[in-house]
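Just so it is clear, the values below take in all heavy atoms, side chains as well, and ignore hydrogens, waters and symmetry mates. Owing to the predicted nature of the structure, the values given are computational and were not obtained by experimental measurement.
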Amino acid sequence: MSRNTALRVVSLTQSSGVELNAYLVLDEKPARIDQKLKTLSEYVQQYPSGWKKRLELANLLYAMGRIEQAVEEYRQVIDRQQPLIGVRLQLGKLLQLMGREVEAVAVYESASANARNEATRQHISGSIALCRNDTQAAILAFESAATLEPDNAAHWLALGQVQRGRGDAVAALRAFDTVLSLQPDDVVALIDSYDASHAVGNVRQAQRRLSKALEVAPGDFRALKRLADTRCRMRLVSGEEGKQTKKIISSLLQQAPDAADARELLAYYHLFRGESANGVAVLEGFTEEHPNHPRGWYSYGRCLFHTGEYQKAAEAMLKAYRLYPQDCEIYRALCEILPLTSPPAPLDPPKSPLKRGEPEEAKSSPSRGELEEAKPSNCTGGTPLEVPLFKGDLGGSNPEVTLASIVEEMLDRFPQRWSVWTTAGRVLVESFQEIERGCGVSAKGTQLEPQLPDAWFGHGRVLALAGKHREAVDALAQGWQLLPEEGGYLQSVSAAVWLGESYGVLGDEVASRKWLEKACQFRELMEFDPAIACYWQGRALLGLGDVTEAVEAYRCALSRRLLYPFRGEVEEAVKRLKGKRRKGDRAKA
């Protein structure tokens with residue numbers, strides 16, 4: 001992609017009526033494109049039997065986001081010039097984006113029949129497998145294509161994108177690194193590598209990849225979106241820095257006013273400025289403008305969740321689920337939100353901090369509400385779950401959605417994603433007290449991704465929540481050993497705190513102090529997300545018995561606009577700790 005190339009964001013309406021955004025390449029200025037469109041349209045009308053100019057027209061319509069028109073023109077080109085493999089692949093990809101998988105498969109199969117190159121046939125097989133939701137077959141096909149043509153960056157890019165889609169960030173990063181070794185200025189690979197680096201916690205490498213992408217394509221929508229997100233996380237939302245952040249977001253909104261991603265950035269910009277009502281209103285307005293856009297409802301639900309509006313968040317996320325049950329992250333979000341919507345239970349004694357906190361996806365223990373026996377679980381082993389019901393008219397044929405049904409569907413739909421098993425394991429342990437089964441389900445994540453630190457850290461947390469602290473220490477230590485030596489990994493702080501807390505429960509005060517002190521040493525990560533960094537520092541200091549400094553760290557987190565559910569936990573902790581200090585002062589007096 002050249003320096004003058006940007007990505008155009010368009011809205012695709014699938015056959016089901018669901019709206020989705022797509023990122024399309026746009027190489028020229030709009031005025032020039034409009035003139036070119038007029039010229040090509042007049043030419044093909046005058047010479048309808050030709051195919052070269054029609055192909056130009058199809059490519060231009062695609063770049064402009066006129067997908068349905070582009071599809072029709074590509075079909076016309078194929079009718080006039082049969083062997084064009086590239087055109088068939090482009091048409092197949094567009095049909096796939098539109099959710100017309102059956103038609104896409106037919107086009108891909110016709111392309112494969114005309115392909116003379118085995119690597120090309122394998123690549124097409126991978127695309128067909130994706131249309132059929134067979135991720136493993138797609139990976140094998142793209143790996144075969146890459147082996148046959150190791151210098152073809154397209155094979156490695158496709159392989160990395162599939163690996164990233166299934167949650168295998170380690171394998172994805174290897175594939176993207178290969179693409180960049182072949183084409184160092186490939187913006188798509190740089191951005192995909194940024195995402196994968198962030199997924200494994202290597203924020204410093206992620207920033208280097210993003211900087212390179214912006215150097216190569218300073219106006220690229222996806223790169224600017226990630227830059228704005230980073231600046232918001234760093235709380236660069238006030239003063240001169242805030243003006244720069246707002247300028248980037250305004251540029252994104254100008255490029256793509258109907259993109260949910262851009263509206264979400266604006267919403268969180270307001271949240272981090274302490275303007276929660278304005279932030280929520282931005283995404284509420286988007287859902288009113290685009291009622292069939294699942295990403296809009298997902299973003300709205302996350303925003304409500306992060307402002308503590310759990311019931312409204314559940315309603316919004318369930319609408320996203322109704323619209324697009326093919327998205328794994330919607331299920332995982334529901335597993336976070338639904339437990340917090342149960343009717344309040346009688347107050348229990350304060351829970352240990354061990355019951356709370358994950359790096360960027362905090363989950364709190366649910367209260368016990370009305371329970372109803374669910375259908376037997378589709379998961380291997382175990383007994384039928386008792387299910388807190390979320391009731392309401394959600395626009396579907398079945399108005400009742402249960403946490404158990406979400407967990408079952410999630411495991412059935414996404415069995416190859418490690419994060420699904422860890423999430424399900426945690427829900428089973430925390431919400432249903434299915435201790436053995438929950439720990440077994442969580443362990444599946446480490447089997448799928450044995451080299452990924454997050455898989456071990458997530459499993460360790462489930463074991464700790466289940467009271468299995470010796471096993472938790474082993475799992476957390478395994479994840480720690482997998483962290484690269486260069487440091488700068490976001491998971492380092494939370495993992496150190498968890499290790500310190502579990503060792504404390506086991507009575508090993510020396511080891512506990514060692515890990516909690518280590519957690520306090522990662523101050524350089526403050527720049528990437530100061531609010532969450534202060535939160536973890538507060539937890540570590542509290543474990544070390546330094547109540548005064550812990551309260552100060554927690555106050556710092558609150559002043560940096562720490563989001564819910566962390567915020568609720570910290571506010572309660574500060575009140576409790578201040579009360580203890582006052583009692584201690586009176587006792588001394």
Side-chain angles (χ1 to χ4, degrees), residues 1-15 19-100 103-104 106-108 110-111 114 123-124 127 153-154 157-158 183 185-189 191 216-225 251-259 261-262:
M1 190 177 291
S2 70
R3 290 178 180 269
N4 296 321
T5 298
L7 286 181
R8 180 186 179 91
V9 185
V10 299
S11 181
L12 296 176
T13 302
Q14 298 194 327
S15 55
E19 295 178 48
L20 297 174
N21 286 140
Y23 298 92
L24 306 177
V25 176
L26 186 62
D27 287 313
E28 300 179 60
K29 293 182 179 180
R32 186 175 178 182
I33 287 177
D34 290 340
Q35 180 58 47
K36 195 172 182 179
L37 175 64
K38 180 180 179 181
T39 301
L40 288 172
S41 297
E42 291 175 351
Y43 185 92
V44 298
Q45 288 176 6
Q46 187 174 357
Y47 304 100
S49 61
W51 66 270
K52 290 184 179 180
K53 291 295 183 180
R54 192 176 293 275
L55 178 56
E56 285 187 45
L57 175 61
N59 289 336
L60 184 61
L61 289 167
Y62 165 63
M64 295 177 71
R66 299 186 183 182
I67 304 301
E68 292 188 2
Q69 291 174 267
V71 165
E72 180 56 34
E73 294 301 331
Y74 281 129
R75 290 192 188 278
Q76 294 286 337
V77 171
I78 292 171
D79 288 343
R80 288 161 175 75
Q81 191 71 14
Q82 286 293 324
L84 293 172
I85 303 299
V87 176
R88 293 174 190 271
L89 294 179
Q90 183 82 311
L91 175 58
K93 188 172 184 69
L94 289 182
L95 291 168
Q96 193 174 344
L97 280 172
M98 297 170 72
R100 293 157 61 176
E103 293 177 66
V107 172
Y108 282 137
S110 70
N114 286 281
H123 192 111
I124 294 171
S127 299
L157 184 63
Q183 299 178 357
D185 291 345
D186 188 308
V187 175
V188 174
I191 293 172
V216 175
D220 184 271
F221 181 91
R222 296 206 306 169
L224 287 175
K225 183 184 80 169
S251 172
L252 293 169
L253 289 167
Q254 186 176 8
Q255 283 192 51
D258 293 325
D261 299 12

Side-chain donor/acceptor pairs under 3.5 Å, residues 40-50, sequence neighbours excluded:
{"unit_1": "Ser41", "atom_1": "OG", "unit_2": "Leu37", "atom_2": "O", "d": "2.8"}

Exercise for the section: Only counting residues at least two apart or in another chain, list the ones meeting side chain to side chain donor-acceptor pair (under 3.5 Å) with Ser110. Expected result: Arg88
Say you draw a straight line from [atom1] of [X] to [atom2] of [Y]; how long is it, rounded to the nearest 0.5 Å?
{"X": "Asp261", "Y": "Lys225", "atom1": "CG", "atom2": "NZ", "value": "3.5 Å"}
{"X": "Tyr108", "Y": "Leu95", "atom1": "OH", "atom2": "CG", "value": "8.0 Å"}
{"X": "Leu55", "Y": "Leu60", "atom1": "CG", "atom2": "CG", "value": "11.0 Å"}

Problem - Validation row: Gln255, Leu224 side chains within 4.5 angstrom (heavy atoms) - result: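 Touching, per the 4.5 Å side-chain cut-off.
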For residues 69-78, please give each side-chain donor-acceptor pair under 3.5 Å, one per line with the distance, not counting sequence neighbours.
{"unit_1": "Glu72", "atom_1": "OE2", "unit_2": "Gln76", "atom_2": "NE2", "d": "3.0"}
{"unit_1": "Glu73", "atom_1": "OE1", "unit_2": "Arg54", "atom_2": "NH1", "d": "2.8"}
{"unit_1": "Tyr74", "atom_1": "OH", "unit_2": "Asn59", "atom_2": "OD1", "d": "2.5"}
{"unit_1": "Tyr74", "atom_1": "OH", "unit_2": "Gln90", "atom_2": "NE2", "d": "3.4"}
{"unit_1": "Arg75", "atom_1": "NH2", "unit_2": "Glu103", "atom_2": "OE1", "d": "2.8"}
{"unit_1": "Gln76", "atom_1": "OE1", "unit_2": "Arg80", "atom_2": "NH1", "d": "2.6"}
{"unit_1": "Gln76", "atom_1": "OE1", "unit_2": "Arg80", "atom_2": "NH2", "d": "3.3"}

Practice task
Would you name the heavy atoms of Gly92 and Ala104 that are closest together and state the gap between them?
Solution key: O-CB, 3.5 Å
Handout entry: Shortest non-hydrogen contact from Ala223 toward Ile191
Key =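 Closest approach of Ala223 to Ile191, heavy atoms only: N-CD1, 3.7 Å.
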Problem - Pairing residues for Ala189 by the side-chain contact (heavy atoms from CB on, under 4.5 Å) criterion, not counting sequence neighbours - result: Leu157, Val179, Leu180, Asp186
Practice task
Kindly write out the residues that satisfy side-chain contact (heavy atoms from CB on, under 4.5 Å) with Thr39, not counting sequence neighbours, or none if the list is empty.
Solution key: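 Scan of Thr39 (side-chain contact (heavy atoms from CB on, under 4.5 Å), adjacent residues dropped) gives Gln35.
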